[in-house]
Amino acid sequence: MTKSSHILICHGTACVSSESREVYKALEKAIDEAGLADQVRIVHTGCFGFCARGPIILIHPGGVMYCEVSVGDVKEIIEEHIKKGNIVERLLYRDPETKEKKTGFDAINFFRNQTRVVLRNCGQINPDDIHEYIAKDGYKALGKALKEMTPNQVIAEIKKSGLRGRGGGGFPTGLKWELTAKSSGDTKYVICNADEGDPGAFMDRSILEGDPHSVLEAMAIAGYAIGARQGFVYVRAEYAIAVERVSHAIEQARELGLLGKNLFETDFAFDIEVRLGAGAFVCGEETALITSIEGNRGEPRPRPPFPAQKGLWGNPTLINNVETLANIPAIILNGAEWFTQFGTERSRGTKVFALAGKINNTGLIEVPMGATLRHVIYDIGGGIPDGKNLKAVQTGGPSGGCIPAHLLDTPIEYDTLLELGSMMGSGGMIVLDESDCMVDIAKFYLEFTRDESCGKCTPCRIGTKRLLEILERITEGRGKEDDIPLLQELAEGIKETSLCGLGQSAPNPVLSTLRYFKDEYMAHVRDKVCPAGVCKKLSRIRIIPEECKKCGLCARECPVGAIKGKPRETHEIDPEKCTKCEACLKKCPFGAIRK
Amino acid sequence: MGENCEGQCRQTQFAELDKVIEEYRGTPGALIPVLHKAQEIFGYLPEEVQYRISQGLGLPLADVYGVVTFYSRFTLVPKGKHDIGVCLGTACYVKGAGELVGWLDKELGLKPGGITRDGLFSLETTRCVGACGMAPVVTIGEEVKGRLTVEQFSEIIREYQQK
Ligand SMILES: Cc1cc2nc3c(=O)[nH]c(=O)nc-3n(C[C@H](O)[C@H](O)[C@H](O)COP(=O)(O)O)c2cc1C
Ligand code: SF4
Ligand code: SF4
Ligand code: SF4
Ligand code: FES
Ligand code: FES
């Protein structure tokens, strides 16, 4: 029976953590009780992208989107919207600028400014139901490849599309496929790299959660193209929802004969297994990942030989990133020509970004390559909250760097970002505002790489530690002016001499902040102040005399009696006594006390 | 789960582990999947468990130990009744997750990798749980809480202390 109403509810990680599962159950119950079970269908989906306002639900017909839906809202949605056809105004998205209420995706800037190729099905279908994927032309590309194309034609098509790897390096995908196909050996493997250890990135996980079959289908196509019969999805055990969905998807594909033997009545056989990572960032590096699947400590090894020649258990192995793979079915189905309409000459297609940090619309977005950072941050991201100013955008995670606000009109491409001393990386994009300290951000990433260095080679193991020590010294007020050239020299040395990409890129956050924010470093070492007020030992709590209303509240609050001033006098803080507990700062009713 | 479980129950756990080992014996790359399952059974990976696995899979104990200590998800110490994970991914960090870690240290003397004396709470820092839109994010057992201030966080911890 066809149902007259569909309710789509997001079950991505962010929405689940704001209780979308409970909302789902409540909806189910309410619909049952209202006797509407045969008219309304509830579907759980992957991430819509609009995580900042989760849990999100979308109701068809009409495509009405409700934000921040709680269990308490369910009754009203059923009574008003489903039964009477009235929109529940208070749950609609409200444009922060115009204050207008918006009903559907198309009216909302966040969605209107995106181009969805990779995320074509995310939030549109139930990822646990293979039939919904098939209804969206799923597995058609695999059929086309197997029935109408030779492996060489598949590779040629991918090459023509200009697709480059989305896992960080941007290596041409078609070329990698060709190299692996040409390697000799009867046993070959396809590996999907879903480790995604970048802090602040959740694209790959969201694709697996929202559209797992697109990745499985692509792996089978890759297997056909290079001559492999077995694939592995390497995903972190921590990403429970992604693991569950992809495992379930594999079972369903097997049941329908879309994985296994004799696919599409040809003699091509392909199967996929899930392997769980265990939380080591370096295992995202391809040789380390292979070592980890083999059951060892995930330490990288020198290349060459490349995995394409000698990979898993010594056999030729194709490793691709989740997002790279998710592009494949669309390219095969629509043709390379179609794909090249998106993006730029040297960076074809679209890119998915995880937009987070100091930005209004945090979430998952997709834009054509070549879009500017400004477009992403203001037109899609809705700008910076709390009336603050943008300071920089961090791209590429621990391997990348910070791009300062004055370069916001840079188009996003592999090469332009590299020129700026940052990197596309996997697509984490962290927006920083004036209250963030750039030295502190560099320190944050160095702490990360120090922790995650596998320790196999000295420049990375010891070098990152030394870099971190210097940064710690600077943020604690013990830095000297000489520390700055020292940082620079050490960073360049580590880059040149480390064995794998982790060490080779670990100094990037330091180098890029030095490049664009040297004055902030200087303020720390020379003037012993942290301009953003983040580094506790260098920050000063002070009262802005013009804003002080002389109420005396702060003086009473201070546990160490550091605040001088009688009622009806402007108050002042004695920096010698102040312990920077910030108690006064929270107390002042007029916001006259600042860091 | 593995906490507070001696004698009879320990035996059942080992029997379960033996079954897992049996299932994976001979599979290439079995060690990591077996360790995942073992940690599910025991809650952590004490030496006796590692020894059993090394015997069962025919691997040197040093290799097993080497793998266990390499990956951050594997742990050698038992977890508290409530295992707290504070996300220190970039998005959470810039939204103040560090203050939550500081608060735990100040109020409960609980440091990353540690456990409170009463065994009630243990703390791990994680790197991005994928809910960056809700930063800062904390997990307590299976529950995920987002958009937390220190005040809200302290209230949640107080609630758990009553549980
Ligand atoms: C330290 C380090 C971590 C990496 N982490 C990932 C990761 O989490 N996911 C990923 O796809 N690629 C990661 N890469 C890149 C992979 O080594 C590899 O280039 C990529 O998976 C190839 O796929 P692609 O050509 O489709 O991009 C990492 C590289 C390094 C050096
Ligand atoms: S660069 Fe770092 S992570 Fe890479 S092999 Fe050397 S020590 Fe290990
Ligand atoms: S609380 Fe604020 S307004 Fe009142 S005396 Fe202190 S600084 Fe001035
Ligand atoms: S920060 Fe604390 S110690 Fe310093 S003036 Fe304010 S209340 Fe007093
Ligand atoms: S997880 Fe629900 S919108 Fe992203
Ligand atoms: S950085 Fe904390 S959830 Fe992503």
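In this text, all values refer to a predicted model and were calculated from it rather than measured experimentally. Order of the sequence lines sets the chain letters (A, B, ...), proteins ahead of strands, with each chain counted from 1.
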Visitor: Give me the atom names and distance for the closest heavy-atom approach of B:R127 to A:P199.
Guide: CB-CB, 4.4 Å

Visitor: If you count heavy-atom pairs within less than 4.5 Å of chain A, which of B:V129, B:V94, B:T139, B:L35 leads?
Guide: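 Winner by heavy-atom pair count: B:V94.
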
Visitor: Distance from B:Y71 atom OH to A:L276 atom CG, nearest 0.5 Å?
Guide: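 That separation rounds to 11.5 Å.
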
Visitor: Please classify the contact between A:V16 and chain B as side chain, backbone, both or neither, with a heavy-atom cut-off of under 4.5 Å.
Guide: neither

Visitor: How long is the gap from NZ on A:K586 to CD on B:E151, to the nearest 0.5 Å?
Guide: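 That separation rounds to 6.0 Å.
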
Visitor: Calculate, to the nearest 0.5 Å, the distance between atoms SG and CD belonging to B:C128 and A:E238 respectively.
Guide: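 It comes to 11.0 Å.
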
Visitor: Which answer fits A:L364, side chain, backbone, both or neither, if we ask what part of it has an atom under 4.5 Å from a heavy atom of chain B?
Guide: neither

Visitor: Can you name the closest pair of heavy atoms from A:C51 and B:R147 and give their distance?
Guide: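 Residues A:C51 and B:R147, closest heavy atoms: O-NH2, 4.4 Å.
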
Visitor: Report, by ascending residue number, the residues of residues 288-295 of chain A in heavy-atom contact with chain B at a distance under 4.5 Å; give 'none' if the set is empty.
Guide: A:S292, A:I293, A:E294, A:G295

Visitor: Atom CZ of residue position B:R117 - does it have more than 12 heavy atoms of other residues, nucleotides or ligands inside 6.0 Å?
Guide: no

Visitor: Name the region of A:L355, side chain, backbone, both or neither, that has any atom closer than 4.5 Å to a heavy atom of chain B.
Guide: neither

Visitor: Please check this pair: side chain of A:R275 against backbone of B:G29, looking for a donor-acceptor N/O pair closer than 3.5 Å.
Guide: yes

Visitor: I need the minimum non-hydrogen distance between A:G54 and B:M134, along with the two atoms involved.
Guide: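 So the minimum-distance heavy-atom pair works out to O-CE, 4.3 Å.
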
Visitor: Between A:C47 and chain B, which part of the residue has a heavy atom less than 4.5 Å away: side chain, backbone, both or neither?
Guide: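 A:C47 has no heavy atom closer than 4.5 Å to chain B.
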
Visitor: The test is side chain to side chain contact (heavy atoms under 4.5 Å, CB included); show your working for A:F281 and B:S72 and say whether it passes.
Guide: CA-CA 10 Å; A:F281 173 61; B:S72 63; over 6 Å; no

Visitor: Report the option among B:H36, B:K95, B:E143, B:K145 that has the most heavy-atom pairs separated by less than 4.5 Å from atoms of chain A.
Guide: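 Most heavy-atom pairs within the cutoff with chain A belong to B:H36.
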
Visitor: Which pair of heavy atoms, one from B:F70 and one from A:A280, lies closest together, and at what distance?
Guide: CE2-CB, 3.9 Å

Visitor: Is it the case that more than 12 heavy atoms not belonging to A:K587 sit under 6.0 Å from its NZ atom?
Guide: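 No - once you tally the heavy atoms of other residues, nucleotides and ligands closer than 6.0 Å, there are 12 at most.
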
Visitor: If you define the side chain from C-beta out and look only at heavy atoms, does anything of A:R297 sit under 4.5 Å from B:T69?
Guide: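 In contact.
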
Visitor: Tell me whether B:E124 at atom CD has more than 12 heavy atoms from other residues, nucleotides or ligands lying less than 6.0 Å away.
Guide: yes

Visitor: Give, as side chain, backbone, both or neither, the part of A:D436 having an atom under 4.5 angstrom from any heavy atom of chain B.
Guide: side chain

Visitor: Tell me whether A:E22 at atom CD has more than 12 heavy atoms from other residues, nucleotides or ligands lying less than 6.0 Å away.
Guide: yes

Visitor: Examine whether an atom of A:A240 lies under 4.5 Å from a heavy atom of chain B, and if so say whether it belongs to the side chain, the backbone or both; otherwise answer neither.
Guide: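 For A:A240, no heavy atom lies under 4.5 Å from chain B.
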
Visitor: Let me know if A:Y445 has heavy atoms under 4.5 Å from chain B in its side chain, its backbone, both or neither.
Guide: side chain

Visitor: Tell me whether A:T13 contacts the main-chain N or O of B:A131 through its side chain, where contact means a donor paired with an acceptor under 3.5 Å.
Guide: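 Pair absent, no side-chain N/O of A:T13 close to backbone of B:A131.
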
Visitor: Just so I understand: if I count every heavy-atom pair under 4.5 Å between each of A:G363, A:G397, A:G357 and chain B, which residue has the most?
Guide: A:G357

Visitor: Using atom types as modelled, flag every donor-acceptor pair under 3.5 Å from a side chain in residues 60-67 of chain B to any protein atom, sequence neighbours excluded.
Guide:
none

Visitor: Measuring from B:L88:CG to A:D451:CG, what's the distance to the nearest 0.5 Å?
Guide: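 Spacing of CG (B:L88) from CG (A:D451) equals 10.0 Å.
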
Visitor: Which of the residues A:G279, A:G298, A:S18 is involved in the greatest number of heavy-atom pairs with chain B at under 4.5 angstrom?
Guide: A:G298

